[in-house]
Amino acid sequence: MPQHFTLFILLLLPGIFLDVLAQEPQFSNFYATTLYTNPAFTGRSNHQYRIITDFRKQWHQIGSFSTAFVSADYAFNQFGVGFTAYADEAGSTPLKSVQSALSLSYGINITHKADLVMGFQGSYYYQRLQEEYIWIDDYLANNPDAIGQGIQNQYFNLSAGLLLVHESFWLGVSMKDFLPNPGLSNASGFGLISAGGNADAYYGRFSVHGGYSRYLMRQLFFSSYFNFRSRGTVRQWEGGFNVAYRPVKPGGHAADIVAGIGGGYRGFLQTLENLSTRDAVILNASLNWPKGFGANASPLWQHQIQVVYSYDITASRLHTTGGAHEVTLALTFSDFRLGSSWFETRQRRRHVADPRDCKIGQAKDVYVPR
């Protein structure tokens with residue numbers, strides 16, 4: 001029975017939160033993958049262009065659980081457009097998933113300090129389970145026909161979200177994949193796991209999330225966030241904080257680097273039967289170059305580079321699996337060439353504060369063209 005339990009864990013817990021009919025990546029660097037959380041985040045950074053790559057690898061002691069993620073978005077005055085994609089490998093039960101998505105957001109000023117943003121996303125999914133896969137129900141019932149050729153599954157889905165962005169906080173709600181999800185159970189005569197006999201059950205992800213930020217002092221920036229997710233029978237939550245420090249050079253000028261640290265916790269309010277409600281303690285560290293590399297040599301574009309590393313300490317019964325490593329590289333840049341309207345556009349729209357982007361409290365200290 002322990003071997004069967006291990007197979008069950010490998011198939012249903014690929015470093016992502018539990019789901020009985022669909023597998024979904026999960027990221028600890030929450031602020032780096034916000035377009036994955038809610039399409040209303042599209043174009044809501046403090047720069048005109050944003051490109052983010054994220055790689056996560058976990059549980060290396062029991063299999064290959066990894067996710068590669070990329071996103072890019074562009075900010076207009078009221079609109080934002082974006083693209084996201086990920087490739088996920090769920091352990092030694094060779095389940096592979098690929099998603100690509102296009103997103104659009106539209107925001108309006110509701111007060112002089114707050115915007116309300118609506119977001120929509122269309123996603124294409126491709127899932128593949130290779131040969132010699134194991135269907136839990138049939139395998140445990142000693143059904144030899146449960147082992148056969150690999151299967152493939154492709155489908156399209158839609159997501160939507162709302163986001164309230166204030167100068168010091170933000171609050172969002174999203175519904176990811178609100179169309180019925182066929183899942184792998186429809187691609188074969190064998191079921192992945194029983195879901196009340198209804199393979200077409202609705203398992204969209206509902207999420208509520210928010211954050212708060214403020215300057216503790218002129219060189220110290222604090223931010224916090226929470227995220228609650230519900231999909232199927234699983235209720236998961238997480239919360240965390242980040243502190244960013246930007247030194248001041250002799251003469252009172254801001255240094256060209258920001259160092260940050262943070263922490264968080266992720267757990268379950270409700271899981272599958274007999275599984276732990278604990279998930280992971282999250283630690284992270286970051287370096288941010290607010291003026292980019294070689295900024296003094298580029299008078300036309302202002303760019304910013306950020307590197308974040310996080311490590312998840314597994315708090316569940318899987319604590320011997322090796323934890324999780326995640327690395328994020330983010331590049332943001334804006335056009336300040338003569339005649340560009342971006343600086344004025346940015347003043348008219350609220351953006352979600354980056355927790356690792358300490359600007360010494362003065363936007364002009366960073367954004368004035370050099």
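Along the sequence shown, residues are numbered consecutively beginning with 1.
Minimum heavy-atom separation, S45 to R349: O-NH1, 4.1 Å. P39 and Q121 make their closest contact through CB-CB, 3.8 Å (heavy atoms, listed as atom of the first residue, atom of the second, distance). Between R246 and A255, the shortest heavy-atom distance links the atoms NE-O, 2.7 Å. Closest non-hydrogen pair, L158 versus G122, comes out as CD2-CA, 3.9 Å. Closest approach of P290 to V258, counting heavy atoms only: CG-CG2, 3.6 Å. Of all heavy-atom pairs between K113 and R350, the closest is O-CD, 3.0 Å.
In summary, the aromatic rings of Y212 and F169 are positioned with their centroids too far apart to meet the 6.0 Å limit. Checked against a 6.0 Å centroid threshold, the rings of Y31 and Y225 count as neighbours. Aromatic pair W237/Y265: centroids less than 6.0 angstrom apart. For an aromatic pair to be called close, the ring centres must be under 6.0 Å apart, and Y124 with F156 fails this.
To the nearest 0.5 Å, atom CG of residue L283 and atom OG of residue S310 are 9.0 Å apart. The line from OH of Y155 to OG of S123 is 9.0 Å long, rounded to the nearest 0.5 Å. Taking CG of N29 as the reference point, atom CD1 of I52 lies at 10.0 Å (rounded to 0.5 Å). Here the straight-line distance linking atom CZ of F268 with atom CZ of R229 works out to 8.5 Å at 0.5 Å rounding. Rounded to the nearest 0.5 angstrom, T42 OG1 and L35 CG are separated by 4.0 Å. Between the CD atom of Q99 and the OH atom of Y125 there is a distance of 4.0 Å, given to the nearest 0.5 Å.
Using a 4.5 Å cut-off between side-chain heavy atoms of Ile, Leu, Val, Met, Phe, Trp and Tyr, with links allowed through other members, V81 and L163 fall into different hydrophobic clusters. A continuous path of hydrophobic side-chain contacts links F206 to L179 [ILVMFWY only; heavy atoms under 4.5 Å]. Linking Ile, Leu, Val, Met, Phe, Trp and Tyr residues whenever their side-chain heavy atoms come within less than 4.5 Å leaves I108 and F41 in two separate clusters. In terms of hydrophobic clustering, with Ile, Leu, Val, Met, Phe, Trp and Tyr side chains grouped at heavy-atom distances under 4.5 Å, L329 and L331 are assigned to a common cluster. Hydrophobic clustering (side-chain heavy atoms under 4.5 Å, transitive across Ile, Leu, Val, Met, Phe, Trp, Tyr) groups L116 together with V208.
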- Criterion side-chain contact (heavy atoms from CB on, under 4.5 Å) on N77 and R348, from CA distance to verdict: CA-CA 8 Å; N77 185 9; R348 295 194 296 267; 3.7 Å; yes

- Message: Set out, in order, the CA-CA distance, both residues' side-chain angles and the distance that settles side-chain contact (heavy atoms from CB on, under 4.5 Å) for V243 and F221, then state yes or no.
- Response: CA-CA 6 Å; V243 177; F221 186 68; over 6 Å; no

- Apply side-chain contact (heavy atoms from CB on, under 4.5 Å) to D177 and R205, showing your working. CA-CA 7 Å; D177 299 339; R205 184 189 73 192; over 6 Å; no

- Are T37 and N227 close enough, and set up right, to give a side chain to side chain donor-acceptor pair (under 3.5 Å), and what steps lead you there? CA-CA 9 Å; T37 301; N227 189 19; 4.7 Å; no

- Query: When you look at D54 and T33, which way does the side chain to side chain donor-acceptor pair (under 3.5 Å) test go after all the steps?
  - Reply: CA-CA 8 Å; D54 186 280; T33 55; 6.0 Å; no

- Query: Does the pair S213 and F222 meet the rule for a side-chain contact (heavy atoms from CB on, under 4.5 Å), with working shown?
  - Reply: CA-CA 6 Å; S213 59; F222 170 84; over 6 Å; no

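Within the structure, every pair that satisfies the salt bridge (Lys or Arg N to Asp or Glu O under 4.0 Å) test and touches residues 305-315, not counting sequence neighbours, is listed here: R56-D312, R266-D312. Here salt bridge (Lys or Arg N to Asp or Glu O under 4.0 Å) pairs that include residues 26-40, with residues two or more places apart or in two chains, number zero. The list of salt bridge (Lys or Arg N to Asp or Glu O under 4.0 Å) pairs with a residue in residues 39-50, not counting sequence neighbours, reads R44-D115, R50-D73. For residues 27-42, there are no salt bridge (Lys or Arg N to Asp or Glu O under 4.0 Å) pairs, not counting sequence neighbours.
For L287, the side-chain contact (heavy atoms from CB on, under 4.5 Å) partners are I257, A259, W289, not counting sequence neighbours. Every residue two or more places apart in sequence or in another chain that forms a ring-ring contact (aromatic ring centres under 6.0 Å, His included) with Y311 is listed here: H325. Every residue two or more places apart in sequence or in another chain that forms a side chain to side chain donor-acceptor pair (under 3.5 Å) with Y126 is listed here: Q152. By the side chain to side chain donor-acceptor pair (under 3.5 Å) test, T332 is found to be paired with no residue, residues two or more places apart in sequence or in another chain being considered. By the side chain to side chain donor-acceptor pair (under 3.5 Å) test, S168 is found to be paired with H166, residues two or more places apart in sequence or in another chain being considered. Residues passing the ring-ring contact (aromatic ring centres under 6.0 Å, His included) test with F76, sequence neighbours excluded: Y74. Residues satisfying the side chain to side chain donor-acceptor pair (under 3.5 Å) criterion with S159, sequence neighbours excluded, are absent altogether. With sequence neighbours left out, the side-chain contact (heavy atoms from CB on, under 4.5 Å) criterion links L162 to M118, V173.
Within the 4.5 Å cutoff, side-chain heavy atoms of Q236 are placed close to those of D279. Within the 4.5 Å cutoff, no side-chain heavy atoms of K96 are placed close to those of Q127. Between R356 and Q306 there is a side-chain heavy-atom pair separated by less than 4.5 Å. A 4.5 Å side-chain heavy-atom check between Y36 and K176 finds at least one atom pair inside the cut-off. Using a 4.5 Å heavy-atom threshold, the side chains of F226 and L171 count as touching. Looking at heavy atoms from C-beta onward, S66 lies in side-chain contact with F55 at the 4.5 angstrom threshold. Side-chain contact between T84 and F69 is present, with at least one heavy-atom pair separated by less than 4.5 Å. A heavy-atom distance below 4.5 Å is not found between the side chains of E89 and S97.
Environment of CD1 in I110: crowded, with over 12 heavy atoms of neighbouring residues, nucleotides or ligands closer than 6.0 Å.
At a threshold of 4.0 Å, the pair K57-E326 does not count as salt-bridged, since none of the basic side-chain nitrogens sits closer than that to a carboxylate oxygen.
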